[in-house]
Amino acid sequence: MSNLKQLSNYFNWLILLLIGSTAFYSLYIIRSNTEYLTVFRWDSLVVLGIIGVWRWSWLILHALRSAIYRTWQFPRWRKRANCVPLAELPPVAIVIPTYKEKPWITERVFRGIAREAQTLPHPLTLVPVTTPEEIEAISNIIQSEAPQSVNLVPVLDPNQGKRGALALGLEVLNRLNFPSDGVVALMDGDSELGFGSLQLCLPFFRLFPQMGGLTTNERPEVYGSYLFSEWLQLRFGQRHQYMCSHALSRKVLCLTGRCSFFRAEAALAPSFRNLLANDYINDWLWGQFRFFSGDDKSTWYWLVRHGYQMLYVPDVMVTTIETISGSVWERAYQNMRRWSGNMFRNGSRVLGLGIGKVGFFTWLCVLDQRISIWTSLISPGILLIALLEGNELGALLLCCWLLVTRTCYLFLVFWDRKSRLKLLHLPLLLISQWGTSLIKIWTQMHLAQQKWTNRHGNKGRSAGGASWQQWWLHSSSRFLLLAQIFIFVVLLLWQYGTVSIIQDLAGWQWYRQQVAVATPTEIIEARDYGLEPNDRQDDSAALQTLLDSLPTKGPIQINLPLGEIDLFEPIEINRSHTYLVGQGTQGTVIKAHPSALTSKAVIIVKPNNLSQPIEDVKLSGFAIATTAQKTNIPTTIRLENVSQATLSHLKVSIDGFHGLILEGTEDVTVEYLSLDAAFQAEPILKQNTINTQITSINSLYSHIP
């Protein structure tokens with residue numbers, strides 16, 4: 001059976017390796033064909049690349065720190081800890097609230113405590129805070145297992161929740177004059193100590209006088225749901241990696257309530273007990289409210305505030321026993337809500353302590369917890385936008401990226417774990433990351449709403465106040481939540497290229513300036529400046545002279561006359577706020593003579609100084625044709641370094657390379673364009689364009705292959 005499990009483990013690693021390798025090869029193919037990358041804007045790719053480098057640099061830093069801690073730093077500490085004589089280990093007490101646990105769980109937990117107590121030189125003080133029925137069962141277990149090694153001090157649970165039970169147990173220890181140089185463990189009633197747990201943890205309190213607490217490695221043992229079990233295996237693997245990284249700085253981000261050890265001088269301090277029983281926060285939105293869950297975060301915050309060091313012991317394993325009934329998804333959701341709320345409620349006040357008190361790296365980790373809830377949703381958000389827009393190539397690109405990065409991350413998490421990596425962990429990781437971020441986004445605006453279904457039934461807490469105050473608070477939180485989501489969606493659309501924030505704002509500002517100035521448009525009739533239609537004489541000189549003689553400022557509209565206008569030379573527009581308007585595609589026809597236009601366009605719009613773009617140009621209401629059946633004119637209309645231009649109600653009947661070239665343009669609108677010609681290349685060529693809107697195109701020929 002063990003060989004089959006080992007083969008299955010190798011098979012899962014191989015399948016995930018193949019998935020990651022295939023996805024990586026697909027990315028390599030896309031990278032080798034840069035035209036595939038045009039599905040995204042280049043500035044979007046740069047921003048996404050910066051975010052990706054930041055997130056993965058942070059992840060790799062954690063991985064390196066974790067590896068250093070596991071393979072170098074902690075083994076050195078373990079060797080020193082093993083040299084502490086057994087007789088010099090500090091006395092230990094365990095406070096363990098338990099409420100209506102299943103009898104077989106209670107038996108396993110307290111037999112494990114009794115077993116570990118027999119390995120110590122001093123009797124262990126055990127303070128279970130529970131019901132009368134469970135006190136009797138616990139007493140029987142202790143009497144049968146280790147009556148000489150355990151000093152049992154049972155306390156009746158006053159039905160005030162886990163926080164109150166822990167504070168009551170610590171108060172009992174204080175009345176018993178428990179030694180201040182001892183160690184107090186706070187445990188859950190469903191957590192089982194592993195073999196040698198106490199002997200392996202206690203020496204560190206002798207080695208490090210500034211250490212106020214430590215927590216241990218964990219593994220889940222789940223009954224009732226295979227899916228929930230594998231999800232916890234994944235989460236505990238992630239917890240192990242980050243705990244090792246944090247502990248390298250002699251700080252951790254949480255002293256888990258399942259099992260943590262505290263220096264007695266800290267745990268028995270009146271302020272420590274008071275914080276456990278009556279911890280609260282003054283939130284900027286919800287005001288003052290008490291914490292219902294999160295006792296492990298309160299104890300951690302107390303140690304941080306008082307300057308204690310903390311440690312993670314990776315070679316001590318505590319088993320968390322979970323029994324699942326009902327909906328697995330509901331149970332996971334409620335757990336994530338509780339964990340996320342505890343994190344946010346304590347994160348703000350820890351950041352307020354400052355880097356000097358918390359430590360630079362730990363302070364950054366707490367800050368990163370608040371930022372990562374948004375960055376984790378960038379990839380799935382853009383993937384969803386790509387799918388909605390029918391961009392299959394963009395969606396494929398993102399899927400390959402997700403598969404490569406997540407398989408690499410799973411290898412890091414399970415590299416030295418006894419729990420086996422499985423193919424199921426890949427979708428569980430994605431669902432967990434994205435789902436957790438969504439839950440955290442909701443939770444950060446509803447901090448006062450607390451719910452815990454694991455103890456004393458189904459309870460919830462919220463900030464108090466009159467009904468109208470409650471309505472105002474909830475309405476405000478919903479508005480702020482929707483505002484944050486709206487801003488995030490807009491940023492995603494900008495990253496994808498659907499909207500252009502900078503250009504749109506610039507256009508809006510320009511529009512405001514135009515409205516504020518309210519400069520009237522000057523109308524000029526081209527016929528008054530020597531341009532005679534239907535005379536078969538060159539009109540390019542007269543039209544170009546008119547364009548060059550225009551004043552430098554102010555909007556000007558040049559009306560082209562009815563009839564045919566002959567151009568032997570290209571026309572250049574080098575001025576902003578210029579509108580060239582004909583009498584319709586059937587009324588005004590520009591006849592291009594190809595003998596003089598073989599290497600140029602018919603109409604060219606570009607600034608004299610290429611560093612300063614032309615703005616607000618309009619070409620409308622005329623047709624462009626030729627006097628010959630075949631021409632070598634490269635293009636009919638060329639726009640270069642132009643912003644906010646409109647080309648509308650135009651007809652192109654010149655066979656050439658391109659009908660229209662847009663190069664280095666922004667905010668160009670092309671509408672109602674008739675391409676009644678054959679082109680040797682693309683009818684409309686775009687090069688380095690931003691926010692080009694092309695609608696209502698009637699193309700008789702696309703291009704000649």
Side-chain angles (χ1 to χ4, degrees), residues 74-98 104-128 137-154 169-170 173 176 178-209 211-219 221 255-265 267-268 310-321 418:
F74 183 78
R76 294 173 60 212
W77 290 346
R78 172 55 66 199
K79 287 181 181 179
R80 293 172 56 192
N82 291 340
C83 295
V84 176
L86 186 64
E88 295 183 10
L89 294 182
V92 61
I94 296 179
V95 177
I96 178 168
T98 177
W104 64 270
I105 295 180
T106 298
E107 183 169 351
R108 276 188 56 176
V109 169
F110 286 93
R111 286 193 185 278
I113 293 174
R115 180 195 65 231
E116 292 304 301
Q118 297 177 64
T119 66
L120 301 177
H122 313 290
L124 181 147
T125 302
L126 179 61
V127 185
I138 294 169
S139 299
N140 293 334
I141 294 171
I142 298 302
Q143 286 299 320
S144 64
E145 288 289 329
Q148 304 299 322
S149 301
V150 177
N151 177 21
L152 183 62
V153 186
L170 292 175
L173 280 178
L176 292 174
F178 188 78
S180 61
D181 65 341
V183 174
V184 178
L186 303 182
M187 286 182 60
D188 277 350
D190 57 1
S191 298
E192 181 185 18
L193 293 175
F195 288 97
S197 297
L198 298 181
Q199 276 197 9
L200 292 172
C201 289
L202 296 179
F204 291 104
F205 288 92
R206 293 295 190 226
L207 287 180
F208 305 115
M211 190 184 72
L214 64 80
T215 192
T216 67
N217 203 343
E218 294 182 37
R219 75 175 188 90
E221 189 174 311
L255 289 168
T256 177
R258 296 184 179 95
C259 181
S260 292
F261 296 81
F262 299 85
R263 192 174 295 276
E265 68 175 16
L268 299 182
M310 286 163 274
L311 194 64
Y312 174 66
V313 184
D315 59 356
V316 173
M317 188 69 71
V318 172
T319 301
T320 299
I321 305 172
K418 292 184 179 179

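Computed from a predicted structure; not experimentally measured. FYI, the numbering just counts along the sequence from 1.
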Ile96 and Ile113: CA distance, side-chain angles, deciding distance, side-chain contact (heavy atoms from CB on, under 4.5 Å) verdict: CA-CA 11 Å; Ile96 178 168; Ile113 293 174; 4.2 Å; yes
Stepwise side-chain contact (heavy atoms from CB on, under 4.5 Å) test for Ser197 and Val316: CA-CA 6 Å; Ser197 297; Val316 173; 3.6 Å; yes
Of Leu255, Leu202, Val183, Leu311, the residue whose pairing with Leu214 passes side-chain contact (heavy atoms from CB on, under 4.5 Å): Leu311
Six-ring centre of Phe205, Arg263 cation under 6.0 angstrom, axis tolerance 45°: no
Test item: Arg206 side-chain N/O and Pro85 main-chain N/O as donor-acceptor pair under 3.5 Å: no
Considering all heavy atoms, the nearest Pro91-Pro179 contact: CG-CG, 4.0 Å
Inter-residue atom distance Phe110.CZ - Ile94.CD1, 0.5 Å rounding: 9.0 Å
Rounded distance (nearest 0.5 Å) linking atom CG of Leu186 with atom CG of Leu170: 5.5 Å
Approximate separation, where rounding is to 0.5 Å, of Met310 CE and Phe208 CZ: 14.0 Å
Stepwise side-chain contact (heavy atoms from CB on, under 4.5 Å) check, Leu193 with Met187: CA-CA 9 Å; Leu193 293 175; Met187 286 182 60; 4.1 Å; yes
Nearest non-hydrogen partners of Ser180 and Ala264, listed with the distance: O-CB, 3.6 Å
side-chain contact (heavy atoms from CB on, under 4.5 Å) between His122 and Val92, worked out: CA-CA 8 Å; His122 313 290; Val92 61; over 6 Å; no
Presence of salt bridge, Glu218 and Arg258, under 4.0 angstrom: yes
Phe204: which of Phe261, Phe74, Trp77 passes ring-ring contact (aromatic ring centres under 6.0 Å, His included): Phe74
Euclidean distance, Leu86 CG relative to Glu88 CD, rounded to 0.5 Å: 10.0 Å
Polar side-chain atom of Glu116 near backbone of Gly196 as donor-acceptor pair, under 3.5 Å: yes
Least distance between heavy atoms, Cys259 atom then Thr215 atom: O-OG1, 3.4 Å
Closest heavy-atom pair and its distance - Pro314, Asn217: O-ND2, 3.1 Å
Main-chain N/O of Leu200 paired with Arg78 side-chain donor or acceptor, under 3.5 Å: yes
Sole residue of Arg108, Arg219, Glu221, Glu192 in side chain to side chain donor-acceptor pair (under 3.5 Å) with Thr319: Arg219
Minimum heavy-atom distance between Asp188 and Gly257, given as atom pair plus value: OD1-O, 3.2 Å
Spacing of Thr216 atom OG1 and Asp315 atom CG [to the nearest 0.5 Å]: 10.0 Å
Which atom of Asp181 lies closest to which atom of Pro90, heavy atoms considered: O-CB, 3.5 Å
Among Asn151, Val153, Leu152, side-chain contact (heavy atoms from CB on, under 4.5 Å) partner for Leu126: Leu152
